[in-house]
Each structure stands twice: as C-alpha cells, then as structure tokens.
Amino acid sequence: MEPAAMDSVSESNLNEFRIPSFIFQPELHVSDDGSSSPLPECPVLVFINSKSGGQLGGDLLLTYRSLLNEKQVFDLGEEAPDKVLRRIYLNLEVLKSRSKLAVEIERRLRIIVAGGDGTAGWLLGVVCDLKLSHPPPIATVPLGTGNNLPFAFGWGKKNPGTDRNSVMSFLDQVKKAKEMKIDNWHILMRMRAPRKGPCDPIAPLELPHSLHAFKRVSPTDELNMEGYHTFRGGFWNYFSMGMDAQVSYAFHSERKLHPEKFKNQLVNQSTYAKLGCTQGWFFASLFHPTSKNIAQLAKVKVMKRHGQWQDLHIPRSIRSIVCLNLPSFSGGLSPWGTPNSKKQRDRDLTPPYVDDGLLEVVGFRDAWHGLVLLAPNGHGTRLAQAHKIRFEFHKGYADHTFMRIDGEPWKQPLPEEDDTVVVEISHLGQVNMLATHDCRSRSVNDPSSPCNHDDGDDDSNEDESEHGEERKKFGAADTFKIPDGIDIAHLS
C-alpha cells in the first residue's frame with residue numbers, strides 16, 4: 001500500500017511558516033532519487049477538542065492550523081485519533097525502507113492534545129491501545145475545568161492564550177520538554193445482569209465518556225461470572241467515590257441541561273464551589289447520612305506490590321475516598337502530600353511517584369477537611385499505597401453511590417438483592433508524557449526526586465496468563481464512542 005504523496009516542503013515554505021522546527025508532513029513525499037523533505041527538529045501532531053473551553057478550542061484550532069501544516073492538526077470532533085494515528089504510522093512504516101527521514105520522524109515525533117482531562121485521557125488511551133513500536137510522548141494543553149493532567153506535568157491549569165505568540169511559546173516549551181513515564185490503571189467492574197428491563201445495567205447517558213471503552217471481557221477472566229456483566233476501562237489521574245463524586249455529578253448534570261452557562265473556566269469553577277455547598281459537602285455531618293460513608297458502603301481490600309489481599313481499615317467518618325495516580329486533584333491540589341515523618345515511614349508510606357506502580361489511597365471527611373490541602377504540608381487521611389485495590393459493595397445501606405474517573409462522574413447502582421458489585425483497580429502499564437523541567441510530578445528514576453528509590457515493578461508479564469489480551473488494553477482505540485446527540489464539549 002503506497003502512502004498518498006504530498007508536495008515537498010521547500011525551504012521558502014518553511015520560512016513562511018516561521019517555525020520550521022515543527023513542520024511535519026504525515027504523508028511524506030520521497031522522490032525517485034531517495035531525497036525527501038527537510039527533517040524537522042521536533043515534529044508534532046496536534047489533536048484539539050474544538051468544543052472545549054467555550055470558544056477557546058475553536059480559536060486554538062485555527063491558530064495551530066495557521067502556524068503548522070494543516071494535515072498535522074486535527075479536530076477531535078471530526079476525526080477520531082486512532083484513525084489518524086493508524087494512517088500516519090502506516091505511512092511511516094511504508095516509507096522507512098525508502099528514507100531515513102521516516103525513521104527519524106517516528107523517533108522524534110511528539111503529540112499535543114488540547115482539551116479537558118477527559119479529552120487527554122482519550123488520547124492517552126488510544127496511544128496505549130495501539131501498541132505502537134515507538135509510542136510518541138504527549139503534552140497536554142489545559143482547556144477544561146480541572147486540568148489536573150496538564151498541571152501535574154507543568155503545563156498549567158488556566159486556559160491558555162490562543163493567539164499566535166502564545167501558541168508559538170507553547171510549541172517552544174514542547175520542543176524543550178522532558179519525557180516522563182507514568183502509570184496507567186485498569187478497572188474491572190462486575191454487577192449482576194438485570195432480570196428485567198434493558199440489558200445495560202446503567203442508562204447509557206449516565207455513563208462517563210471514559211467508560212464507553214467498557215465491554216465484556218474474556219470468559220476466562222476471574223471476575224467474569226455467570227449471570228453477571230463484567231466491564232473494563234482505565235484511568236490516568238484518579239478514581240474517586242463518595243461525596244466529591246456526588247458534587248461532580250451535580251455539576252455535570254447541570255452542564256448537560258444548560259451548556260450555554262458553562263463557557264467560561266472561572267464561571268465553571270464558581271458553579272462547582274456553589275454546588276459543593278448545596279450538595280451538603282461543607283456540612284456533611286448534617287446532610288450526609290452515615291449509611292453512605294465509605295466504611296458502611298463497601299469493604300475495601302488492597303494489595304501492596306505482589307502478594308495477598310489485605311482488608312483496608314476505613315475510618316467511619318470518611319465520606320470520600322480517592323485513589324490517586326498523579327499529584328493533582330480538584331484543579332491542582334495534592335491530597336497525599338509528602339510523608340516524611342518516622343510514623344509515616346513506619347507505615348511504609350513514601351512520596352507519590354507517577355511511575356512506581358502504586359496508587360495513593362486518601363480519605364476525606366468533608367469539604368472542610370479538603371481545605372487543609374491549601375495549607376503548607378496539608379494532606380488528606382493517608383490510608384494506603386497499593387498495587388491493586390478492590391471495592392466490594394453488598395446489599396444494605398444504600399441503593400446507589402457516586403463514582404468518578406478523571407473528572408467524569410456517574411451514579412452507580414448498588415445491590416438490591418443478595419449479591420455484590422465489585423470494582424477492582426490494577427496496574428496496567430505505562431505511557432510516555434511530556435513534562436516541563438519544573439513540573440510537580442516525580443519519577444522513581446529521577447535522582448532529583450525526594451526519597452528516591454528504585455522499586456518500581458514491571459507488570460508486563462503479570463496479567464499475561466491470568467487475564468489474557470483483553471485486560472491489557474483500555475479499548476479506547478476501537479470502542480470509544482461519543483453518543484449521538486452528545487456534544488464533545490462534555491469531555492472537557
């Protein structure tokens with residue numbers, strides 16, 4: 001299969017673009033004598049959710065297309081990233097035998113994704129699923145409300161400028177950025193298939209977009225049982241459950257009803273704070289029944305590294321639990337902090353690293369408890385660091401709870417009969433991110449990181465025989481769909 005040819009980029013064309021170090025032709029033209037276009041210093045592909053950030057996404061799309069080759073800038077509302085990347089990498093593979101330029105393009109290629117955390121997670125999931133021979137590192141442009149992913153890697157949390165100078169400055173940062181591996185996490189959720197009504201246990205519009213990758217897994221999977229639905233997916237930043245997810249659910253529900261009111265980041269954050277009050281998060285002891293506290297809702301088990309499951313003690317006052325991969329939550333707060341006392345070391349708790357194969361598990365009593373994060377060295381209730389986490393919900397205290405993955409919440413039904421809903425989180429692998437040199441995320445392999453240690457583990461073979469191929473992918477490349485009639489802006 002021959003790649004579609006494009007006109008070569010001449011030196012004068014490069015000068016017209018004014019930033020030749022970023023010019024990249026996805027479909028390279030190679031002449032009969034083997035010559036090809038000049039090699040860009042930092043070739044990039046740009047994926048933009050044009051509906052994110054109100055008008056900002058569309059403005060950013062126009063600016064990038066005016067600066068770069070239009071065929072390297074993509075609107076996620078028009079073309080899915082897996083189709084784009086498959087096409088480009090196929091072209092590069094064909095051209096490798098004819099030109100060293102294609103080899104260098106693949107080696108140096110970087111990706112920029114502009115949107116909310118949901119958009120960034122979609123792109124990360126696609127790159128993970130495609131199993132590319134040389135996966136490109138990814139930089140994230142903050143266009144959402146929380147922007148935890150960009151903030152964790154030094155790209156800021158405020159909506160960026162969309163003018164030419166701002167974009168050129170960001171491109172220059174991308175060229176200078178360092179690569180950093182981060183963990184990604186897999187979720188399996190099992191619940192009994194309904195005996196009446198539709199087959200789907202949750203109405204489709206109630207599911208977060210990040211869970212559209214869920215589907216039945218292999219019959220050999222340990223969580224797959226007769227009469228139950230088993231679903232799968234993954235996350236990059238956090239999984240949370242309880243009152244924080246309830247407030248987030250209220251925000252997303254309001255935005256779905258009145259999208260015209262959520263065009264401004266500051267307005268969105270203000271609305272979020274108000275909903276925290278109206279949902280009772282600031283006065284949880286008065287408005288939140290103890291029957292919905294985490295200890296009453298679920299039995300929680302953790303596995304530290306590779307070993308036996310252990311019951312995790314959850315204080316009865318905890319109303320929200322967060323399983324955190326990155327040191328950024330709720331718009332940049334760090335719930336885990338940096339354990340450094342002898343007491344914490346005795347509990348075998350370490351600073352948070354983004355590539356150590358461990359999740360930080362933190363609990364909160366209410367919003368006031370969360371405000372301690374604004375103080376120096378403030379943190380939530382540190383519960384554990386774990387390689388695997390398992391939640392078991394039994395019939396009893398409540399008919400539902402609220403859950404959230406990377407900012408995308410949903411209302412989760414709980415057992416009405418004598419059965420169990422199970423949510424299990426396990427380490428999946430790693431992906432390459434781009435980070436500024438002063439970012440807050442830390443690696444176990446970075447000598448400058450505090451309390452550096454090298455006990456990150458390699459999970460490449462752990463799930464091979466136990467769970468098969470299905471459990472080693474997100475499904476984002478093949479099954480991530482935006483439902484008809486749903487605005488892609490809801491990903492921001």
Side-chain angles (χ1 to χ4, degrees), residues 4-29 36-79 81 84-85 87-88 91-92 101-102 104-116 119-120 123 127 136-144 147 149-150 153-156 158-179 433-436 488 492:
M6 290 176 55
D7 292 335
S8 296
V9 178
S10 66
E11 190 65 34
S12 60
N13 292 142
L14 290 174
N15 290 334
E16 287 175 8
F17 278 105
R18 298 180 186 229
I19 44 171
S21 61
F22 291 97
I23 300 305
F24 165 53
Q25 291 179 284
E27 296 160 329
L28 297 165
H29 173 71
S36 55
S37 307
L39 176 63
E41 181 183 349
C42 180
V44 293
L45 293 174
V46 184
F47 295 89
I48 298 175
N49 183 346
S50 60
K51 299 296 183 68
S52 285
Q55 185 63 34
L56 291 178
D59 292 345
L60 200 61
L61 184 70
L62 293 175
T63 303
Y64 269 101
R65 284 181 171 170
S66 72
L67 287 169
L68 303 176
N69 186 323
E70 286 194 13
K71 293 193 175 183
Q72 72 188 98
V73 183
F74 303 91
D75 185 347
L76 288 169
E78 297 177 355
E79 191 169 16
V84 172
L85 291 173
R87 182 175 71 245
I88 289 173
N91 286 324
L92 288 173
L101 176 60
E104 283 301 305
I105 287 288
E106 182 180 54
R107 187 178 70 84
R108 302 185 187 189
L109 181 61
R110 299 184 166 201
I111 285 179
I112 296 172
V113 55
T119 302
L123 210 296
V127 171
I138 301 167
T140 53
V141 182
L143 279 185
N147 297 318
L149 270 165
F153 294 97
W155 303 109
K158 294 182 180 179
N159 292 161
T162 59
D163 60 281
R164 186 183 181 91
N165 289 336
S166 296
V167 170
M168 289 180 66
S169 175
F170 188 87
L171 284 169
D172 188 57
Q173 284 184 286
V174 168
K175 183 167 63 175
K176 299 174 182 176
K178 63 180 179 180
E179 292 190 32
M433 295 292 290
L434 286 171
T436 63
I488 193 175
S492 62

Do the side chain of Ser169 and the main chain of Ser166 share a donor and acceptor less than 3.5 angstrom apart? no

Spacing of CG belonging to Leu149 relative to CG belonging to Leu123, to within rounding of 0.5 Å: 11.0 Å

Any donor-acceptor pair under 3.5 Å from Ser50 side chain to Asp75 backbone: no

Taking every heavy atom of Leu171 against every heavy atom of Ile112, the minimum-distance pair comes out as CD2-CD1, 3.7 Å

In Å and rounded to the nearest 0.5 Å, what is the CZ to OG1 distance from Arg65 to Thr63? 11.5 Å

Is there a side-chain contact between Asn159 and Asn147, using heavy atoms and a 4.5 Å cut-off? yes

Spacing of Asp172 atom CG and Cys42 atom SG [to the nearest 0.5 Å]: 9.5 Å

Got a second to check how far Leu85's CG is from Phe47's CZ, nearest 0.5 Å? 4.0 Å

Worked verdict on Thr162 versus Leu62 for side chain to side chain contact (heavy atoms under 4.5 Å, CB included): CA-CA 9 Å; Thr162 59; Leu62 293 175; over 6 Å; no

Looking only at heavy atoms, which two atoms of Pro160 and Leu143 are closest? And how far apart? CD-CD2, 3.8 Å

Minimum heavy-atom separation for Pro43 and Arg108, please, with both atom names. CD-CB, 3.7 Å

Separation of Leu92 CG from Glu104 CD (nearest 0.5 Å): 12.0 Å

Which heavy atom in Met433 sits nearest to a heavy atom in Thr140, and how many Å separate them? CE-CG2, 4.1 Å

4.5 Å side-chain heavy-atom contact, Lys178 and Leu434: no

Gln72 to Val44 - nearest heavy-atom pair and separation: NE2-O, 2.7 Å

Got Lys51 and Thr119 here, is their nearest side-chain heavy-atom distance under 4.5 Å? no

Closest non-hydrogen atom pair between Gln173 and Thr436, with its separation: NE2-CG2, 4.1 Å

Note, Pro136 side chain near Arg110 side chain (heavy atom, < 4.5 Å): no

Calculate, to the nearest 0.5 Å, the distance between atoms CG and CG belonging to Asn69 and Leu45 respectively. 10.5 Å

Say whether, by atom type as modelled, one donor and one acceptor occur between the side chain of Asn91 and the main chain of Ile88 under 3.5 angstrom. no

Could you tell me whether the side chain of Trp155 reaches within less than 4.5 Å of the side chain of Val141, counting heavy atoms only? no

